[in-house]
Student: 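Shown below is the structure under consideration.
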Amino acid sequence: MPFDSPDINLGTLLQDVGQGKVQLPDFQREWKWDDPRIASLLATISLGYPVGVVMMLETGGDDIRLAPRPLAGVADGAALAEPEQLLLDGQQRLTSLFQSLKAQQPVETCDPNGKKLQRWYFIDMERALDEDGDREEAILSVPADLKLRKDFGRVTIADYSTIDQQCAEGVFPLWIALDAAKVFEWGGRYVAGDADRVHRWNAFYAKVLQNIISYTVPVIVLKKSTPKEAVCIVFEKVNTGGVVLNVFELLTATFAGDRKHQDFRLNDDWRQRYERLAAKRVLGSVQNTDFLQTISLLTSYARREAHLAAGKDSAQSPGVSCKRRDILKLTLDDYLTHAPAVEEGLIWASAFLTRQHIFTEAITA
């Protein structure tokens with residue numbers, strides 16, 4: 001089997017995220033879930049309902065080495081850790097859950113219009129225990145100072161800044177839900193010898209908190225022997241964000257993991273080359289993948305010529321090709337060897353076409 005499919009406890013998974021054992025490959029987009037979506041996710045988790053599969057890739061493979069980075073909200077020290085797995089699908093969900101349930105700091109999010117927010121998340125115990133209630137309405141999103149306000153912030157309507165005030169209002173802080181010691185400390189303060197509160201706390205723990213504590217996430221772990229082409233295809237097929245991973249992005253992450261050229265960044269190199277190419281009108285539509293295809297042709301041609309020059313059987317010589325699998329086999333040395341010639345050739349072709357009056361450099365009205 002090219003993959004494993006364990007169910008992993010949510011607390012264990014988020015702990016691995018916080019320690020840097022699970023990180024992102026460099027091609028992943030930034031985390032961007034808004035406040036209502038995070039609240040909805042927390043409501044789903046508190047009910048014990050599934051939120052989808054997470055997919056990861058084992059690190060340490062010979063065919064693919066990707067530059068890693070920690071999930072948003074993870075402490076800086078985790079970036080120094082060597083990841084054991086890279087997250088291919090599930091970034092938005094795991095980042096939201098890590099920040100709201102594990103990070104012990106306000107979640108950096110935004111409202112539906114994109115305005116930046118900092119939020120803590122609570123769950124209203126009474127609403128959560130209402131069998132006819134809407135669980136999403138039980139999730140409370142509270143500003144960083146732990147106070148709810150109205151009238152454009154002039155009037156404070158609720159203050160949850162201390163445990164005593166949280167207990168008085170019956171709102172449980174979700175960011176301690178996976179910390180057993182803090183849960184029982186909070187529960188003890190909430191109960192305070194009150195029989196009704198003992199009953200409510202026991203019910204809340206059994207029917208709500210236990211769903212979070214025992215929650216398991218189905219995970220597909222691609223083995224480190226998985227080839228780059230397979231990673232690219234799998235990402236395209238399963239990524240729930242609907243984002244297509246092209247070969248340029250995967251090579252960007254692969255080249256960034258090249259230990260011999262640690263300062264090289266494919267995105268930066270291409271940006272500089274494209275600025276020079278786009279100065280020629282006919283080359284303005286050249287894409288990064290077009291550039292890589294050309295490099296693949298030159299690289300595979302050079303391999304073929306080297307094969308023939310060595311007197312080897314021509315019938316067994318490598319083909320000249322620029323299919324996706326060929327591009328994904330490119331090394332950073334291949335790119336650095338041929339990229340200058342490709343750029344020079346494209347600029348020469350632009351000048352030739354201009355001299356032949358096929359294209360003009362000037363844009364006419």
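The structure presented is a predicted model; accordingly, all values stated were derived computationally and were not measured.
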Student: Would you kindly say whether Gln105 and Trp120 are connected by a side-chain donor-acceptor distance under 3.5 Å?
Tutor: no
Student: Within a 6.0 Å radius of atom CD on Glu126, are there more than 12 heavy atoms belonging to other residues, nucleotides or ligands?
Tutor: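 Count not over threshold, so no.
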Student: Taking C-beta and beyond as the side chain, do Ile123 and Ser46 meet within less than 4.5 Å on heavy atoms?
Tutor: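 Result yes, sub-4.5 Å side-chain heavy-atom pair found.
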Student: Step by step, would you call Leu129 with Arg200 a side-chain contact (heavy atoms from CB on, under 4.5 Å)?
Tutor: CA-CA 9 Å; Leu129 290 172; Arg200 187 179 297 113; 3.8 Å; yes
Student: Could you check whether any side-chain N or O of Arg119 sits under 3.5 Å from a backbone N or O of Pro106, counting only pairs where one atom can act as donor and the other as acceptor?
Tutor: no
Student: Any side-chain donor paired with an acceptor under 3.5 Å for Thr331 and Asp333?
Tutor: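 No donor-acceptor contact under 3.5 Å links the two side chains.
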Student: Side-chain donor-acceptor pair under 3.5 Å between Tyr121 and Asp35, yes or no?
Tutor: yes
Student: Do Leu328 and Leu298 land in one hydrophobic cluster if side-chain heavy atoms of ILVMFWY residues count as linked below 4.5 Å?
Tutor: yes
Student: Is the shortest side-chain N to carboxylate O distance from Arg273 to Glu343 below 4.0 Å?
Tutor: yes
Student: Step by step, would you call His199 with Asp196 a side-chain contact (heavy atoms from CB on, under 4.5 Å)?
Tutor: CA-CA 5 Å; His199 175 75; Asp196 290 336; 5.8 Å; no
Student: Does any donor atom in the side chain of Glu108 or Gln99 lie under 3.5 Å from an acceptor atom in the other side chain?
Tutor: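 There is no such pair between these side chains.
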Student: Is there a path from Leu251 to Leu336 through hydrophobic residues (I, L, V, M, F, W, Y) whose side chains come within less than 4.5 Å of each other?
Tutor: yes
Student: To the nearest 0.5 Å, what is the distance between CD1 (Ile176) and CG (Leu101)?
Tutor: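 Rounded to the nearest 0.5 Å, the CD1-CG separation comes to 11.0 Å.
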Student: Can you give me every donor-acceptor pair (side chain of residues 308-315, partner residue at least two apart or in another chain, under 3.5 Å) with its distance?
Tutor:
from: Asp313; atom 1: OD1; to: Ala315; atom 2: N; distance (Å): 3.0

Student: Pick one: which of Phe204, Trp175, Phe172 meets ring pair (Phe, Tyr, Trp, His ring centres under 6.0 Å) with Trp186?
Tutor: Phe172
Student: Tyr49 and Leu94: same hydrophobic cluster, using ILVMFWY side-chain contacts below 4.5 Å?
Tutor: no
Student: Is Ile139 reachable from Leu117 through a run of hydrophobic residues whose side-chain heavy atoms are each under 4.5 Å from the next?
Tutor: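 No; Ile139 is not reachable from Leu117 via cluster members.
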Student: Side chains of Asp269 and Tyr335: any donor to acceptor distance under 3.5 Å?
Tutor: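 Short answer, yes.
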Student: Taking atom CD of Gln23 and atom CG of Leu86, what is their separation to the nearest 0.5 Å?
Tutor: 7.5 Å
Student: Of the non-hydrogen atoms in Pro68 and Pro83, which two are nearest, and what is the gap between them?
Tutor: CB-CG, 3.7 Å
Student: Would you kindly say whether Lys147 and Gln165 are connected by a side-chain donor-acceptor distance under 3.5 Å?
Tutor: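 Lys147 vs Gln165: no donor-acceptor pair found between side chains.
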Student: Once the angle between the rings of Tyr190 and Trp201 is folded into 0 to 90°, is it parallel (under 30°), tilted (30 to 60°) or perpendicular (over 60°)?
Tutor: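 Ring orientation of Tyr190 relative to Trp201: tilted.
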Student: Spell out, as yes or no, whether a donor-acceptor pair under 3.5 Å connects the side chain of Glu58 to the backbone of Lys223.
Tutor: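 Absent.
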Student: Before accepting this row, confirm whether a basic side-chain N of the pair Arg303/Asp326 lies closer than 4.0 Å to the acidic partner's carboxylate O.
Tutor: no
Student: What's the shortest heavy-atom distance between Val221 and Pro6, and which atoms?
Tutor: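 Residues Val221 and Pro6, closest heavy atoms: CG2-CD, 4.3 Å.
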Student: Any donor and acceptor pair, going by atom type alone, linking the side chain of Ser100 with main-chain N or O of Ser96 inside 3.5 Å?
Tutor: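 Yes; judged by distance alone, with no hydrogens or angles, the pair exists.
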Student: State plainly whether one hydrophobic cluster holds both Tyr301 and Trp348, where clusters connect Ile, Leu, Val, Met, Phe, Trp and Tyr through side-chain heavy atoms under 4.5 angstrom apart.
Tutor: no
Student: Using the ring-ring contact (aromatic ring centres under 6.0 Å, His included) criterion, which residues pair with Phe291? Sequence neighbours excluded.
Tutor: Trp270
Student: Minimum heavy-atom separation for Ser321 and Ser296, please, with both atom names.
Tutor: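 Heavy atoms of Ser321 and Ser296 come nearest at O-OG, 2.9 Å.
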Student: Donor-acceptor check, side chain of Asp111 to backbone of Lys115, threshold 3.5 angstrom: yes or no?
Tutor: yes
Student: Which distance, rounded to the nearest 0.5 Å, do you find between the CH2 of Trp33 and the SG of Cys110?
Tutor: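 Trp33 atom CH2 to Cys110 atom SG measures 12.5 Å (nearest 0.5 Å).
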Student: Just to verify, which of Thr12, Val22, Leu24 counts as forming a side chain to side chain contact (heavy atoms under 4.5 Å, CB included) with Val17?
Tutor: Val22
Student: If you take all heavy atoms of Pro25 and Leu87, which pair is closest and at what distance?
Tutor: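 The answer is CD-O, 3.1 Å.
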Student: Return the minimal non-hydrogen interatomic distance between Met56 and Val54, and the atom names on each side.
Tutor: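 Nearest heavy atoms, Met56 then Val54: CG-CG1, 4.1 Å.
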Student: If we ignore angles and hydrogens, is there a donor and acceptor under 3.5 Å between the side chains of Thr337 and Asp334?
Tutor: no
Student: Going from CZ on Arg135 to CD1 on Ile45, what distance comes out if it is rounded to the nearest 0.5 angstrom?
Tutor: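 It is 12.0 Å, given to the nearest 0.5 Å.
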Student: Are Leu57 and Thr226 close enough, and set up right, to give a side-chain contact (heavy atoms from CB on, under 4.5 Å), and what steps lead you there?
Tutor: CA-CA 8 Å; Leu57 170 69; Thr226 305; 4.2 Å; yes
Student: With rounding to the nearest 0.5 angstrom, report the CD to CG distance, Gln15 to Leu10.
Tutor: 11.5 Å
Student: Between Asp290 (side chain only) and Gln287 (backbone N and O only), is there a donor and an acceptor less than 3.5 Å apart?
Tutor: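 Pair found, side chain donor or acceptor close to backbone of Gln287.
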Student: Keeping the roles fixed (side chain from Thr95, backbone from Gln92), state whether a donor-acceptor pair exists under 3.5 Å.
Tutor: no
Student: So Leu13 and Tyr215, side-chain contact (heavy atoms from CB on, under 4.5 Å) or not? Walk me through it.
Tutor: CA-CA 10 Å; Leu13 186 55; Tyr215 194 89; over 6 Å; no
Student: Would you call Met55 and Leu222 a side-chain contact if the rule is heavy atoms closer than 4.5 Å?
Tutor: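 Yes, at least one pair of side-chain atoms sits under 4.5 Å.
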Student: So that I can tick it off, tell me whether Asp34 and Arg37 are bridged by a salt bridge, with the cut-off set at under 4.0 angstrom between side-chain N and carboxylate O.
Tutor: no
Student: Just verifying a value: how many Å separate Phe248 CZ and Asn288 CG, rounded to the nearest 0.5 Å?
Tutor: 4.5 Å
Student: Any idea which heavy atoms bring Ala177 and Ile212 closest together, and the distance?
Tutor: CB-CG2, 4.2 Å
Student: Would you say the side chains of Arg304 and Ser317 form a donor-acceptor pair under 3.5 Å?
Tutor: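 There is such a pair between these side chains.
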